[in-house]
Amino acid sequence: MIVNEQLAIDHGLKKDEYKKICDLLKRIPNITELGIFSAMWNEHCSYKSSRFHLKNLPTKGKNVIQGPGENAGVIDIGDNDAIVFKIESHNHPSFIEPYQGAATGVGGIMRDVFTMGARPIANLNSIHFGSPQHKKTKNLLRGVVHGIGGYGNCMGVPTIAGQTSFDESYNGNILVNAMTLGHVKKDKIFYSKAAGLGKPVIYVGSKTGRDGIHGASMASASFDDKIEEKKPTVQVGDPFTEKLLLEACLELMAGDSIIAIQDMGAAGLTSSSIEMASKGNLGIEINLNKVPCREAKMTPYEIMLSESQERMLIVLENGKEEMAKKIFDKWNLDFAVIGKTTKSKKIELYFDEEKVADIPVNTLVENSPMYNRKWKKAKLPKKIKIEKEQFKTLKVQNVLNKILSNPNVCSKEWIWQQYDHTVMGDTIQKPGGDAGVVRVHGTNKAVAASVDSSAVYCWAHPLSGGKQIVCESWRNLISVGAKPIAITNCLNFGSPENEENMGEFVECVQGLGEASSYLDFPVVSGNVSFYNQTKDIGIKPTPSIGGVGLIKDYKNMVTMGLKASDNIILVIGKTEGHLDQSLFARDILNEKNGPPPEINLFNEKNNGDTILKLIDKKFIKSAHDVSLGGIITALSKMCIKGKKGVTLKKPNYLINQFEYLFSEDQGRYIIEISIEDLENVTKILQENSVHFDELGTVNDDNLIIDDKTKVSIDDLIKSHTTWLINYMGN
Amino acid sequence: MHSSVITFPGSNCDRDVDVALKKFGFKNKMVWHDDVELPKSDLVVLPGGFSYGDYLRCGSMASKSKIMKSVLNFAQGGGKVMGICNGFQILVESGLLPGVLLRNKYLEFICKNVFVKVNNKDNSYFKDDKKDIYEFHIAHNEGNYFCSNEQIKEINDNNQIALFYSDENGNINEQSNPNGSLQNIAGVFNKQKNVLGMMPHPERMIDPALSGEDGSIFFENLINNLK
Amino acid sequence: MKISVVITLKKDVLDPQGKVIHQTLDGMGFEDINEVRQGKYFEIDTKENDKKKAEAKVDEMCKKLLTNLVIEDFKIIGSQ
Amino acid sequence: MKISVVITLKKDVLDPQGKVIHQTLDGMGFEDINEVRQGKYFEIDTKENDKKKAEAKVDEMCKKLLTNLVIEDFKIIGSQ
Ligand SMILES: Nc1ncnc2c1ncn2[C@@H]1O[C@H](COP(=O)(O)OP(=O)(O)O)[C@@H](O)[C@H]1O
Ligand SMILES: [Mg+2]
């Protein structure tokens with residue numbers, strides 16, 4: 001095949017990028033080389049539009065062992081234990097084939113984690129669908145949930161938390177973000193940096209097929225009318241093989257024969273071999289005839305670009321091949337020595353005795369394009385003057401019912417009941433709480449994790465939205481009694497070539513960075529997914545934040561269910577009545593404009609730290625952060641979980657009742673304490689200058705909001721649980 | 001008491017049940033599916049998980065593995081064999097237990113706590129049980145017990161039903177049937193009652209921090225009965 | 001040669017999946033369906049080139065592994 | 001009439017189930033198998049009695065619901 005500019009463009013490269021390739025090579029690349037460049041230089045692998053901005057994120061901290069740049073981030077949780085975690089998107093494939101797309105997304109992120117030597121101990125997911133009324137939504141949701149469960153359940157890794165939202169901006173481009181946490185001993189972490197010359201390069205796992213060729217390029221293109229043509233790039237997941245691969249890799253890792261290991265993810269053998277060579281500052285030579293292939297007559301181009309799943313690349317110590325092969329034989333997996341490390345600093349490929357590619361590694365990595373794209377700054381929208389007259393026509397109980405049954409608030413039990421969340425025997429907080437919590441096997445420690453996003457806030461004002469979402473993640477961890485340690489992020493945006501979408505990206509990242517820096521909640525891993533759009537319209541900017549925290553003694557974990565009657569309920573943090581962009585404003589008043597609630601990082605940190613102190617002293621019986629739907633929504637969920645009611649006090653506030661109950665001011669928590677502790681708790685809160693209000697008292701059976709409004713627990717449960725079940729049921 | 005837990009490719013509750021058995025006093029050994037001989041055991045456990053990915057039919061391929069010949073002999077000689085979840089499916093596929101486990105009626109994987117009522121205490125698994133109704137955990141996609149009319153008659157005539165899905169008061173009805181199982185069957189014995197298969201996972205409920213503690217009661221009783 | 005086999009659920013075994021597909025199709029406007037039954041299909045490519053022998057082998061595979069005769073029937077539907 | 005359809009994975013698409021079944025059969029002594037591919041089988045019983053029309057309907061059902069043409073092909077294999 002003749003390589004020319006047009007062919008390069010068909011591979012998703014830009015004209016000047018093609019010229020740059022020719023200049024770097026000082027010749028025209030052959031077809032295999034062009035394929036390799038297109039895979040390495042696309043957005044998905046090269047981060048060419050995002051690198052410039054991502055480098056400003058705070059990535060260091062006293063608990064960070066490994067920040068971004070490896071397969072996953074690693075944090076220290078003491079006693080030689082470390083947690084490896086990362087989140088990743090699989091948006092485009094999931095829209096085309098929801099089951100397999102979501103399944104392979106889960107498979108991919110788990111490989112990222114066990115490549116580093118960690119046994120996966122928990123999965124999370126953040127999934128976003130179009131409007132429930134859209135004709136595709138129901139099937140996409142069902143397919144995605146079945147896919148996530150299908151893969152994770154088979155692997156025997158509990159899915160402990162997640163997030164599900166619906167918004168019409170995802171009608172033509174759903175989001176599927178999967179996150180995995182793994183546990184590893186600090187002195188047994190594996191990296192992808194190759195070292196040493198003449199070391200054998202080993203291929204293990206499944207055979208290479210023609211699946212997913214150019215998957216990485218697809219992830220970097222937007223959906224248009226030609227979507228059909230992009231179809232063959234979807235892969236079929238094989239969780240059984242991955243389970244074997246996990247066990248085989250961990251078995252090999254128990255010894256000391258591995259120099260470097262890297263999973264084959266996007267752009268398969270290409271990116272894995274090049275990354276290992278690049279990090280080790282050396283070359284790799286591969287004989288492609290040695291690669292185990294599923295189909296006859298696969299070309300070098302196909303072998304290099306295949307995205308077949310469940311494969312790994314390993315650089316081994318010399319002489320360990322036989323021993324390693326025995327392990328993979330035992331697990332019935334392919335094992336092949338396919339090449340060796342060299343000092344050439346080039347990637348050199350041979351096929352049928354011919355050299356089919358010869359590319360200096362640095363041209364693919366360091367010299368890959370980086371763009372500081374044009375972007376537009378977003379103005380803070382003007383505050384909306386909400387006519388309080390209209391509140392008079394509203395009844396609190398009806399509004400509450402509507403909000404509790406809103407698709408974005410209602411119980412997601414229909415989803416998480418399909419995920420095995422108890423396998424491995426260490427799940428101590430199941431989905432349905434503020435964060436999922438698993439014990440570190442055989443210890444008293446537990447790890448909490450939560451995944452969050454608030455696209456509406458980010459859309460209204462990306463800078464505030466970016467900050468808010470980090471804070472929400474922080475709060476979810478605090479609410480279960482965990483000390484927040486670090487985050488991973490999956491940045492789902494529209495086209496970086498569109499100035500507005502790019503602006504959303506830049507400012508969300510800025511906000512995210514500010515908040516994580518202030519809260520000492522660094523970013524240790526992440527993933528960028530651009531081109532989430534249909535035709536020219538991008539999705540609402542949707543950064544998903546996966547937060548991880550530590551509970552030193554799992555017995556101190558806190559849950560949100562109310563515990564005992566006569567206990568006192570406090571709201572921590574100030575309620576100012578901010579309704580713009582709240583669920584109340586959008587869903588009840590149909591008002592979609594205005595700024596999102598403001599973030600005050602000082603209060604955020606102070607409130608969170610103080611709550612942790614109270615938890616430490618065992619004052620807190622239950623806790624829940626206040627988010628979507630305001631105080632009364634949060635309180636309702638606590639009632640539902642604990643099967644208890646609350647009698648609200650009349651607030652000594654000047655704001656309107658609806659503002660009091662439904663506003664979405666940030667930095668707030670609801671906590672339950674016993675009367676005897678009230679004085680001590682008050683003292684601690686005052687000493688730490690934390691604003692709080694007494695909200696009410698726990699009772700046995702009703703949420704009593706005012707003289708006229710009394711809602712039974714059963715009614716709350718009904719409002720909260722029926723929508724999704726009914727929706728999926730017919 | 002010596003127990004053995006068999007690991008098939010794709011088993012994923014093997015560690016969980018190992019932890020549980022040890023916690024309640026068993027000396028447990030892990031046995032690889034490709035081994036020929038079972039170690040000396042008072043109890044053999046086929047754990048939950050997805051042996052061979054649950055491909056073809058759950059348990060079908062594991063039932064053909066090498067170790068199963070030994071398990072078969074062991075069981076035929078009166079040895080105690082217990083299959084949990086996927087282990088139950090393997091026992092059914094290998095012919096040690098009657099019937100078959102079909103896909104859940106509502107076509108969805110179910111992970112939750114359920115109540116089960118013990119039907120037959122005249123065996124080493126449930127003898128002297130303090131409880132009639134356990135709260136156990138289920139996590140499966142194919143737990144819908146089914147068998148032919150003749151078989152179900154035989155099963156009932158021989159008192160082979162071990163556990164029924166029930167509500168917390170022991171009522172056995174459609175509402176308390178999570179997966180469509182025939183007659184709410186959650187577990188069955190072979191004729192001799194030395195082989196037990198059940199869908200629920202008692203090993204997931206052995207600690208107050210987990211979904212519950214009824215599993216502890218089950219295991220404590222089990223080891224006492226085997227002594 | 002390549003032998004094709006179809007495995008179907010016995011008549012009296014409930015096929016919830018077929019039922020759901022039926023309902024879904026119905027909802028999509030395919031209203032004159034009486035019943036949908038789902039089964040499995042296998043293509044087994046063997047080195048055996050004698051049709052009779054190949055089919056006999058596959059028959060044996062079906063009995064020993066591919067079907068559970070408590071609930072399923074099988075039928076060889078083609079050989080080439 | 002009753003239409004039978006077979007749905008198979010496209011040629012280049014991985015068939016994890018087929019692979020494992022192949023290995024298992026091999027281990028059971030069926031050693032001369034080249035490949036096993038697993039697919040789905042549907043019997044759709046419709047009120048339509050005109051063969052052409054019935055098949056056309058089923059063709060439409062396959063395209064709209066039963067298959068995902070990204071990874072699967074379908075074939076009507078019988079009508080009676
Ligand atoms: N896709 C999902 N997978 C697993 N758990 C989920 C999923 N979606 C929602 N959940 C769970 O449902 C609960 C409610 O979610 P959400 O409304 O986002 O919580 P909150 O706003 O209270 O933090 C959480 O415990 C969450 O973990
Ligand atoms: Mg929360």
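Numbers restart at 1 for each chain; the letters A, B, ... are given by sequence-line order, proteins then strands.
Only the side chain of Asp207(B) comes within contact range of chain A, judged by heavy atoms closer than 4.5 Å. Residue Ile428(A) touches chain B through both its backbone and its side chain, counting heavy-atom pairs closer than 4.5 Å. Looking at Asn153(A), the atoms closer than 4.5 Å to chain B (heavy atoms on both sides) sit in the backbone and in the side chain alike. Neither the backbone nor the side chain of Met557(A) comes within contact range of chain B; no heavy atoms are under 4.5 Å apart. When heavy atoms are compared at a cutoff of 4.5 Å, Lys555(A) does not approach chain B at all.
The environment of Lys643(A) atom NZ is sparse: at most 12 non-hydrogen atoms of other residues, nucleotides or ligands sit within 6.0 angstrom. Taking a 6.0 Å sphere around NZ of Lys325(A), one finds it holds 12 or fewer heavy atoms contributed by other residues, nucleotides or ligands. The 12-atom threshold is not exceeded at NZ of Lys29(B), counting heavy atoms of other residues, nucleotides or ligands nearer than 6.0 Å. Surrounding NZ of Lys552(A) are at most 12 heavy atoms belonging to other residues, nucleotides or ligands under 6.0 Å away. Few gaps surround NZ on Lys185(A); more than 12 heavy atoms of other groups in view lie less than 6.0 Å from it. Within a 6.0 Å sphere centred on NZ of Lys117(B), heavy atoms belonging to other residues, nucleotides or ligands number 12 at most.
Interatomic distance, NZ of Lys430(A) versus CG of Asn113(B), reported as 4.5 Å (0.5 Å rounding). For the atom pair CD (Gln418(A)) and CD (Glu108(B)), the distance works out to 4.0 Å, reported to the nearest 0.5 Å. The CG atom of Asp420(A) sits 8.5 Å away from the SG atom of Cys85(B) when rounded to the nearest 0.5 Å.
Two residues are said to be in side-chain contact when any heavy atoms from C-beta on lie closer than 4.5 Å; Arg439(A) and Leu210(B) meet this criterion. Counting heavy atoms from C-beta outward, Leu107(B) and Arg142(A) have side chains that stay 4.5 Å or more apart.
At least one donor-acceptor pair under 3.5 Å links the side chain of Asn12(B) to the backbone N or O of Cys154(A).
Taking the six-membered ring where tryptophan is involved, the planes of Phe240(A) and Tyr52(B) are tilted, since the angle between them lies from 30° to 60°.
Annotation: maximal heavy-atom pairing with chain B below 4.5 Å, among His146(A), Gln417(A), Gln429(A), occurs at Gln417(A).
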Glu247(A) vs Thr7(B), side chain to side chain contact (heavy atoms under 4.5 Å, CB included): CA-CA, chis, key distance, verdict:
CA-CA 12 Å; Glu247(A) 299 301 337; Thr7(B) 301; over 6 Å; no
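Considering every non-hydrogen atom in both Lys243(A) and Ser11(B), the closest pair reads CE-O, 3.3 Å. The heavy-atom pair separating Pro9(B) from Leu244(A) by the smallest distance is CB-CD2, 3.7 Å. Nearest heavy-atom pair, Val423(A) versus Asp16(B), reported as atom, atom and distance to 0.1 Å: C-OD2, 3.8 Å.
The residue from Thr422(A), Thr427(A), Asp426(A) that alone fulfils the side-chain hydrogen bond (donor to acceptor under 3.5 Å, both in side chains) condition with Arg204(B) is Thr422(A).
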